[in-house]
Amino acid sequence: MSNDIEVTMQEDRLFEPTFEFIEQAHIKSKGQYDAMYMESIRSPEKFWGDIAEDFTWKKKWDQVINWDDAPVAKWFDGAELNITENCLDRHLETERRTKKALIWEGEPGDTLELTYEQLHDRVCRAAAMLREQGVKKGDRVTIYLPMVPELMISVLACARIGAIHSVIFGGFSSGAILDRVKDAESAVVITADGGWRRGKTLGLKKIVDDAINQTDIVKTCIVVQRAEVDHEMKSGRDIYWNDIYPAEGTAFEAETMKSQDPLFLLYTSGSTGKPKGVQHSTAGYMVGTHTTTKYIFDMKDSDVYWCTADVGWITGHSYLVYGPLLNGATIVMYEGAPNFPDFDRFWDVIEKHKVTIFYTAPTAIRAFMKWGNEHVEKHDISSLRLLGTVGEPINPEAWMWYHEKIGASRCPIVDTWWQTETGAIMITPLPGVTSTRPGCATTPFFGVDAAIVDEKGNEVPDGKGGLLVIRKPWPSMLTNIWGDLDRFKEVYWSRFAEQGYYLAGDGAVKDKNGYITILGRIDDVINVSGHRLSTMELESCLVAHPSVAEAAVVGFEHDLKGEGIAAYVIVNNGFTQSEDDKVILKKFIAGEIGAFARPDQIHFADALPKTRSGKIMRRVLKEIAAGRDIEGDLSTIEDIAALKKLAASAKV
Ligand code: 6R9
């Protein structure tokens, strides 16, 4: 067990929601939660069917959940709809027409505010633009943009015409873009000349060119002019957004989609092979993101809601775009870094826009702690009433700092566990109900039948760690891996095929009160600042470098990032092993995958610690990376001398 987990497990402080919060909350009591939870598990048809009545449907469903083709769920089977009518058009008939939908702030300080009516108009125009470019229902559109309004608008425009969006986080490199464009067979890419980050511009178009010049799949590349970065335009393929975006508004009719039609793909790392295109469908995802946003963030019309995630991650999809828009919320979107021009930028944004709900990642919280309280204290952030975290386990120390310094010991904190695959939050406190415990995600949301099981699928006793599984389908669940149904079944459903359980890939433990604590990944996925990376993907990347013969990558505990990346490398004959060579390899990975994948440590090794059967002993490599002495049974190691040498050289 790592130190962090040990500290979390010993935690016994409990924090009750305040009376002021409870009084105004959507859900006010444990009794109310229990009754709703019970109904959601016993009668999901009734529970979700009632909720779905409130949406705009072009045709109602025949069945709330059709599980006949398990594990492919058909939520709201037989229904027809368009999610953007629910995100936008529906609100135009109410007072929300003139309510702010988006408050956007660019890193240089430029701003844009759009009401629901204006956002609707922009989405319709962008939809008309895409249609004009020949994009049809079912086509895949790749979006590689900085956090500018066009990002949200493009996503919604795709959904409006029934195209499947595949957003790639702006930190990914050209290699990652090429893989994704090819896998999705995406003929259209939307990008920008560049974006702002820490006062500098980053040339996105150039990165895209390095990818799409290598394939003839991409026929059209639409370029948003954001940061005046030099770039090339290939004639016949590249075209400026401003040159084709209609000057006049059009009431663009939303395409009719079946409830199961894919809404988007989002590529994520798994333990094996290349990143997989996690596929989400329309109706279930809509109902799931709407309901979680409403109850977990206790969303009201008076709220100003800020989720700091990039739209390139699932958190940005579900809780920056779809969930809040479905609730008619006012959304803050910020383009740049948290420490530009100074360490107080986030608190400045909160003060300026009177943010009431703030959702961020533990890695950011740890950075704020390090930067010091004075940056927070400069600002009046008393508008805040609710805080959230997501992406990785939060250590109790960071939780307490968030609670006291940002939440004034008054705002409930929702520590939300979920995944790209689950589409929406699964395990979380309910802010008006749950007594929270630092580092603990607490209890399952409505409809989530979570259990902790052993290798055979039997529930483990309370207090004992095991594998986290979900035993029943839930509305926002993934419906496939793009183009690879076998892999979808294999990765998530084969381990407990008999019982039909979804394997989350996380370890967890439940206490006697039913509170679930997430212990971290059980597979070869590492979580660096909330970004999922596969050790195998990193290893294949390293061995693609001419100097590398063999590589092993492990995660290790890192104060700021949660986990850091350590790579152990055996070089080919004739290559040197200097500090400069380490820098070259780090840069190589950053160039192939993205800067966030740059290893923290490179160790050159003569041999990797392997068992006699040839398995790399990752446990040992982790301990070396964490600077600990190697303990435990080493009797199965093949080359103990090489290991000792490696451990000794890592210490200097
Ligand atoms: C939403 C998101 C999913 C993995 C997940 C788990 C880790 C996410 C967490 C958490 C502990 C939390 N994770 N939230 N671990 N506590 N509150 O992050 O999706 O990028 O797919 O990552 O992140 O390990 O399996 P994704």
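Counting convention: from 1, in listed order, for ligands and their atoms alike.
With respect to atom 3 (C) of ligand 1, the closest heavy atom belonging to the protein is Trp418 O, 3.6 Å. For atom 5 (C) of ligand 1, the nearest protein heavy atom (residue, atom name, distance) is Asp506 OD2, 3.1 Å. Nearest protein heavy-atom contact of atom 12 (C) of ligand 1 is Glu392 O, 3.6 Å. The protein heavy atom nearest to atom 11 (C) of ligand 1 is Pro393 N, 3.2 Å.
Remark: ligand 1 and Thr315 share no N or O pair separated by less than 3.5 Å (distance only, no angle test). Between Thr420 and ligand 1, an N or O atom pair is found at a separation short of 3.5 Å. Residue Thr389 places no N or O, backbone or side chain, under 3.5 Å from any N or O of ligand 1.
For atom 20 (O) of ligand 1, the candidate residues are Glu421, His531, Arg532; the nearest heavy-atom contact is made by Arg532. For the residues Gly388, Gly391, Ala424, Ala504, the heavy atom positioned nearest atom 14 (N) of ligand 1 is part of Gly391.
Taking the six-membered ring where the residue is Trp, the centroids of Trp371 and Phe346 are separated by 6.0 Å or more. Taking the ring centroids of Tyr502 and Trp474, they lie under the 6.0 Å cut-off. Aromatic ring centroids of Tyr359 and Tyr305 lie 6.0 Å or more apart. Within the 6.0 Å centre-distance limit, the rings of Tyr285 and Phe264 are counted as a close aromatic pair.
Atoms of ligand 1 found under 4.0 Å from any heavy atom of Thr416 (numbered from 1 in listed order, with element): 9 (C), 12 (C), 14 (N), 17 (N). Listed by number with element, the atoms of ligand 1 under 4.0 Å from a non-hydrogen atom of Val390 are 1 (C). Residue Asn527 has at least one heavy-atom neighbour below 4.0 Å for each of these atoms of ligand 1: 7 (C), 23 (O).
Panel note: side chain Glu563, backbone Ile526; no donor-acceptor pair is recorded below 3.5 Å.
At a cut-off of 3.5 Å, with distance as the only test, no side-chain donor of Ser281 or Gln260 sits close to an acceptor on the other residue. For the 3.5 Å distance criterion, the side chains of Thr360 and Tyr402 fail to qualify, holding no donor opposite an acceptor.
Under a 4.0 Å heavy-atom criterion, Trp313 is not in contact with ligand 1.
Sparse packing is recorded around CG of Asp559, with 12 or fewer heavy atoms of other residues, nucleotides or ligands lying under 6.0 Å away.
Both the sub-6.0 Å distance and the 45° axial angle are not jointly satisfied by Arg345 relative to the ring of Tyr334.
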